[in-house]
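I have placed the structure first, in the form of structure tokens, so that the comments after it can refer back to it.
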Amino acid sequence: MPPYRSIMLGAIALIVVVFLVFGGGQYFKEKSKYVIYFRGSVDGLNTGAPVKIRGVQIGSVTDINPSCMRTAIF
């Protein structure tokens, strides 16, 4: 095998390893988005805060959009 092919193969393998290590597999996970409306105050809720069910973190808050026009609660 010519030396340039070995270098090219090594570079491609390194890129794949870096992608998998730094991506942590997040690129292949299915993600769901939920929108929740609260009637009362959400004082203390911040972007990035963990979302937990029974003490297990299942996600995080990605956006907070205050809206006084909403009346429906889901």
Side-chain angles (χ1 to χ4, degrees):
M1 181 183 305
Y4 65 87
R5 286 193 183 190
S6 297
I7 293 172
M8 190 63 122
L9 183 60
I12 291 171
L14 181 63
I15 290 170
V16 168
V17 168
V18 167
F19 175 75
L20 292 175
V21 167
F22 288 110
Q26 297 295 325
Y27 300 109
F28 305 111
K29 287 185 177 179
E30 184 176 334
K31 297 180 182 178
S32 300
K33 181 178 180 178
Y34 296 94
V35 178
I36 301 173
Y37 298 99
F38 293 96
R39 185 173 286 174
S41 173
V42 290
D43 187 36
L45 184 63
N46 295 316
T47 302
V51 175
K52 296 181 179 182
I53 293 181
R54 296 184 180 172
V56 178
Q57 184 172 345
I58 59 164
S60 62
V61 176
T62 58
D63 187 32
I64 300 172
N65 186 5
S67 176
C68 298
M69 304 291 277
R70 301 280 183 194
T71 56
I73 297 179
F74 299 100

Approximate separation, where rounding is to 0.5 Å, of Asn65 CG and Thr47 OG1: 10.5 Å
Nearest heavy-atom neighbours spanning Lys52 and Gln57: CG-CA, 3.9 Å
Shortest non-hydrogen contact between Ser60 and Gly48, atoms and distance: CB-O, 4.1 Å
Shared hydrophobic cluster for Ile36 and Ile58 (ILVMFWY, side-chain gaps under 4.5 Å): yes
Leu45 vs Val61 side-chain heavy atoms within contact, under 4.5 Å: yes
Over 12 non-hydrogen atoms of neighbours within 6.0 angstrom of CG in Leu14: yes
